[in-house]
Structure formats: C-alpha cells, structure tokens
Number of protein chains: 2
Amino acid sequence: MPKRISIVDVAREAGVAISSVSAALNGGPGVSEATRARVRETADRMGWVPSVRGRSLSSKRTRALGLVVQRQAGVLEADPFFAGFIGGVESVLEPAGYALLLQIGRTPEAGADRLRRLGLSGAVDGVFLTDVSVDDPRFPLLDHLHLPAVAVNAPGSMWVSSVTQDHRSGLRDLMEQLISIGHRDIAHVAGTAGLVHSEERASVWRSVLESHGLPLGPVIRGDFTTEAGVRAADTLLGGPRVPTAVVCANDLMAIGFLSRAKALGVRVPDDVSVTGFDGVLLGAHVHPPLTTVMTSPVALGTRAAEVLLASIDGGPRVDETIAPAAVVDRASVAPPRGRAA
Amino acid sequence: MPKRISIVDVAREAGVAISSVSAALNGGPGVSEATRARVRETADRMGWVPSVRGRSLSSKRTRALGLVVQRQAGVLEADPFFAGFIGGVESVLEPAGYALLLQIGRTPEAGADRLRRLGLSGAVDGVFLTDVSVDDPRFPLLDHLHLPAVAVNAPGSMWVSSVTQDHRSGLRDLMEQLISIGHRDIAHVAGTAGLVHSEERASVWRSVLESHGLPLGPVIRGDFTTEAGVRAADTLLGGPRVPTAVVCANDLMAIGFLSRAKALGVRVPDDVSVTGFDGVLLGAHVHPPLTTVMTSPVALGTRAAEVLLASIDGGPRVDETIAPAAVVDRASVAPPRGRAA
DNA sequence: CGATGAAACCGAAACGTTTCGGTAGGGGGA
DNA sequence: TCCCCCTACCGAAACGTTTCGGTTTCATCG
C-alpha cells in the first residue's frame, strides 16, 4: 500500500514550506513567480492532487453542490427536465472545479429531510431547489441552515435567489393561436397539484379563456405521467361533449393522450387538437408530431449554477430570467372541424 | 453567525469525553448502554449532525460514490438508462448513508481525466463504470488508483467487479421470432462503434442469421440517437432492396426509424417490421407500439450499488448477473408481406 | 550608513472527526 | 485480603489542508 502523497511530500521535494506550496498552487500572494513555477512543476511531476478531505475541512468549502430530486421513481425515467438541467449545471461546475451531489427524495418530506442533513453535515456549499411547491417548507429550512441556494422556476421567493424561464408567455401564445383558428372548447390536462408550474399553466389556460369570454373547458387533474395522459383521453374523449382542443401541462401527458386517442379511433388533429409543454425530443417523432412549448432545461441549469456559485462567493440575492419558452408549431393542431382554414 | 455546533459541544453538554460521543453514536464498544442513550439524546436535542468534512478526513472514507457519465449532451436527454440506473443506485445508497457524486465527461478522455482526479483527490470511496468500451483505459487507471469500482454491463473485466444483465438472450429470442414468422431479410441499425453493448447486439444479430444460414442484411452505423434512426430509415427504405425487418440497437433509433418510415409512406409493420431495444416508457405510446427487449436499469443500479458498497468494505471481486432482458411483444412486428400468418 | 518597508517565505494553529494507547474502578477468584 | 482482569471512559495524536502572524532578506531612501 503506497502511502498517499500529500502536500508535505511536495513541500519537501520542492524545498519550500507547506504554506508556500498552498499559496503557490492557489494563486495566493507572497510567492515569487520562480517559486510558483517550481512548485507547480514538482506537484505535476509527483502527480499530486490536493485532498478534498483535508481541503474541505480546513477551508470550510466542500466544492460540491447539492441537488435533491423530489420525484417518484417512475416519472424520473422519461423526464425531460433533469437530464438537460444536470447537463447545464455540470457544464459550469466542471470548469469551476465543483462537483454535483445528487440525492433523490421520493416524497417531499424525505426530500426536505435529506436537504436538512446535507446542510447540517456540511456536505455541500449550496443547493439547487427544483419542483418547488407553493409555501415550500424548504425555504425557511435553508434560511435556518444559512445554506446558499437557488430556486429554479420559482421566482421571488424572498428567501433565496432564483433563475426562471417564463413559461406563461409561450403558453399564452399557444392559447391565442388555438382561439384564433377557431377553437372555443378547450380542455386542460393539468399537472400534479401544488407544484408552482402546474398551477401556473392552469392559470394561463384559465385567464386566456376568460379574457376572450370563452367557457372554461373541463380540467383533468394529471400527474405529468404518460399514463395520466392516457386516462385523460379516456375521460375527455368518452365524455358527452368532446372538446375541440386539449392543452396538456406537459409533453408526456400529451403523448399519452395522442396514443390513447389513436387507439380510440379519434383523429388528431382532425377531430381534436392536442398540445404539450416542454419540448421533449421525442415529441417531434410521435404522430402527429406534437405542437408544444419549448423549454430550455440546459440554459436553466447553466444559469442556475452560475447564480449559485456567485451566491456562495457572497454575491447578492438575485432573480434572473432566461429567454422565454416559445411555441413550436408542429402538426397536432388544426382548426376545429367544419371550420377548416 | 451562530457557530456551528460540533462534537465537543455535545461532549461537554453530555459530560463525557469526545471519544465517548464518537463511540456511542457509531456503535463502538466501550460504552455503557446508559451512556450511549444519554449521548444520543443529547445529540438529538442539540440537533447535531456529524460533519462529513471532519469525519471523512479522519476516517479516510468520504461516504460518497462517483458516477462519471460519458455522453454527449444530446443523447443524455432522452436517455432511458441513466434516470433508472441512478434511481436504483440511490435506493441503496440512501439507507446506507452514502451520497452520489455525479460528473459528466463529454468525451471519453475527459471522462477518464475526471475519474482520475476523483480518485486522487479522494473525493469518493468508489465509482460506477458505465458505457464501458472494449479495452477501456479506465480499468488500469482504477487499478493504479486502488479505487474500488463496479463495471455495469461489462462482465469479466478482470480488474473490477461487475454487474450485468444478459442482453444477448432477449435479442436472440427476438431474432428467432422474426425468422420464425418468415423474415429472411433482416437489417441492423447499430449503435456507437466501440461500445461493448453496441458490439454485443451486432454480434447477436449476426450470429443468429448465420446459424440459420441467412444472408446478413445491411448494417447501418448509428449513434443511439433518434436522428440516427431517421437517417437509417432514409438509407434503408430508399435503397434498392428494402429489408422486411429492421432490428435497431436501441429504442430511440427505432422510434426515429418509425417516424421517418411513416413520413415516407412506408407502413409498419405491414411493409417492414421494426424492433427496438431498452424498453423505454414511450415505446408503448408510439404508433405502432414498439416491439422491443425490456432492460432493467433500476435493478442494475440497485445491484451495482450493493456490490460496490460490499467491495468498499473489503469484499471480494464478483461478477453478478441479474434477470435477463426479455422480449416485449407489441405491434411493430408482423410477418413479411405475402406471407401473412 | 542605518532605518524603513515590502516581498518572500516559514511555522504553527485550526478545522472536526476517528482511533488508539492508557487509566481508574470494581468484581471475582484464590 | 490481594491480585488480576475486564469494562467504561479519557486524552491525545493523526488526517491534509488553509490561514495567519511572524521572520528574514534586500532594496530604497533619508
């Protein structure tokens, strides 16, 4: 077992004090360029990489950020958000020398508990908050822990910074478009109750209909899974009065709806128009290709990571916004029957 | 700034030595039950959680496991494997008190480098190896670092433990099925060159055809993306001799193929049968629903985590196997034209 | 030429835990 | 009664870094 080489070995080899090695490698002051170069060369030659254990204990910085995913296992698989988000996060963490600590809390309570331990144990320097609910208990918790955090798609939390993509305008555009081509009977397949993005989408749907003096079509409560979309199709298409358009709170439910509609012999978009939300890759490859609102999880991750790192370095609390989600027109939308454009 | 409470505070409060607090909480010997209970109660009351920083420095254990994902950003999004795998891993790690450190190496070289730093810096106690290539350079690296590891779906690496799901038998069954209903002209849309699971699937396709004395249909080299499936459809369906069945190395490519086939007016399964591999959720909701081989990323993650934890605790090198991937019959397969069952 | 100050470098404390050798105290055997 | 041993507990070293106060060196200026 070859003893792990440490900073003392490098110091001895380079003929300087331990503190000088530290200063040299971290760009600190009080080190001549000649010494710095020599130390750097020695460290490289010996293949020394600072121990994150020693470093984190001493510097009170772990150089790791936490992400506690609060989702049921099933949803995670086809989830369009996290893969992209994590990719974006990593792209800024890597050059900054940070790592991402991932945990999964199957329930909100479990998630909050893991978050608490994460903070108390000092395992991370900051955390990302996703799937924020209204009055999320994690906010006061983080405040209590003095743990830097950034909330994703939950602006103005008053406690922590946030990075948000406007989802309202895109969905509003989509609704207006539907109405402009003649739809009057527009149903909504909603997401999990209590989540801010579920409520937000439902509220846009409602407000646009109201602003046009149109009746509120039926609302089916879903949970963002494909299965929920299937069930919604059963309910909506089997009902007495079939809407001419169905606005789903995400793509997965829309795809489930599409699938079930086809099985029931209901043609999309001829008999009913269907829209999604998110812009998953596969949405372009189902039939008909899904008209949706394209979100940007990667950009969200990138910006969130930047904000969080700045926040750790003592930056002020900020509320950032990235380019809004925009409508992507594909083929699952058409004028209602008997009113062809 | 309320000073972080540490083990000394607990020791003072409980009226015992620091070492006794440690022993009491970690179940060590030399502590009476009465004292243990009192210490535990005191710690709980004060809300003390051991600092992972101090602990990891002292114990030479980080209680974190590393996963370096080597994939281009685009593939990650729709990827059916990682979400499930990570879910499975976490389900084991959480009760064990371990965390998962996630990193993304966009290229194999970058991935190997991140792995190297991860090991040298002592940031993790062990790592998961996925997307293993033949002669993967990470094996000798890990050996050099003395870092426990478990290879996923890459059995018999000689260097490290492995957990594997048999993918061959399922695909073989699928091929036999195709042949038994009359297909003689079977093409293959392969995955990224060099990856063991790409080569494995190609080799099953080849060997089954050979064992039946059938000609090897064309092979299109893909890269596991939906787009590659689209391109494969263009090539295969536009060629002079259209195969009667196309076996894709994964579902995403199969879905891309399906999508493009429909656009070209080629009917599936009437004109051509298409099969996938993986068993992504959405495969059941495309049209026609995709016949595929169902893999189990969650089970793989669960078992891999168990093996890795055991390996860290000094367990022997093992090669585990979980239940093989099995065919899921859906509607994208039918007898070739003019030979209806 | 001596005082002054800055730059370069050093030594040691501190971070919070685990671990290990050591000590007091009490019960049991001879 | 004496000795031994075991249990319960304590104190201090060790882990590998950063940080901070202190010391040397040397050029500059009066």
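The chains referred to below are lettered A, B, ... by the order of the sequence lines, with proteins before strands, and numbering in each begins at 1.
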Self-check item: Gap between atoms CG and P, on L57(A) and dA13(C) respectively (whole Å)
Solution: 16 Å

Practice problem: Take atom CZ of R53(A) and atom C1' of dT18(D), then tell me their distance rounded to the nearest Å. | Solution: 17 Å

Quiz item: Where the side chain of S58(B) is concerned, which of dA14(D), dC20(D), dG11(D) is the nearest nucleotide?
Solution: dA14(D)

Quiz item: With a non-hydrogen cut-off below 4.0 angstrom, is V52(A) in contact with a base, only sugar-phosphate, or nothing?
Solution: nothing

Quiz item: Residues from residues 29-48 of chain A sitting under 4.0 Å of DNA chain D, heavy atoms only?
Solution: W48(A)

Quiz prompt | Salt bridge present between R36(B) and E33(B) (N-O < 4.0 angstrom) | solution = yes

Practice problem: Would you mind reading off the distance between N26(A) atom CG and dC20(D) atom P, rounded to a whole angstrom? | Solution: 13 Å

Exercise. Check whether any side-chain N or O of Q165(A) sits under 3.5 Å from a backbone N or O of S296(A) as a donor-acceptor pair, and report yes or no.
Key: yes

Quiz item: In whole angstrom, what separates R12(A)'s CZ from dC10(C)'s C1'?
Solution: 16 Å

Practice problem: Tell me what S51(B) touches on the nucleic acid: a base, only sugar-phosphate, or nothing, going by heavy atoms under 4.0 Å. | Solution: sugar-phosphate

Quiz item: Nearest of dT17(D), dC10(C), dT18(C) to any side-chain atom of I7(B)?
Solution: dT18(C)

Self-check item: Candidates L300(B), N153(B), T321(B) - the one meeting side-chain contact (heavy atoms from CB on, under 4.5 Å) with V163(B)
Solution: L300(B)

Exercise. Provide, to the nearest angstrom, the distance between the CZ atom belonging to R61(B) and the P atom belonging to dT18(C).
Key: 13 Å

Quiz item: In whole Å, what is the span from the CG atom of L25(A) to the P atom of dG16(D)?
Solution: 17 Å

Quiz item: Taking only side-chain nitrogens and oxygens of S22(A), does any of them come within less than 4.0 Å of OP1 or OP2 of dT17(D)?
Solution: no

Quiz item: Relative to the 5' end of DNA chain D, which residue comes earlier, I18(A) or A17(B), by the nucleotide with the nearest heavy atom?
Solution: A17(B)

Quiz item: How many angstroms lie between atom OG1 of T35(A) and atom CZ of R40(A), to the nearest 0.5 angstrom?
Solution: 11.5 Å

Practice problem: Output yes when D9(A) and R4(A) qualify as a salt bridge under the 4.0 Å nitrogen-oxygen rule, no when they do not. | Solution: no

Quiz item: If you measure from the Lys or Arg side-chain nitrogens to the Asp or Glu carboxylate oxygens, is any gap between R114(A) and E90(B) under 4.0 Å?
Solution: yes

Quiz item: In terms of the angle between their ring planes, are F85(A) and F81(A) parallel, tilted or perpendicular, with boundaries placed at 30° and 60°?
Solution: parallel

Quiz item: Which listed nucleotide (dC9(C), dT18(D), dA12(D)) is nearest to the side chain of S19(B)?
Solution: dA12(D)

Quiz item: Looking across every strand, which nucleic acid part, if any, lies under 4.0 Å from R55(A) by heavy atom: base, sugar-phosphate, or nothing?
Solution: sugar-phosphate

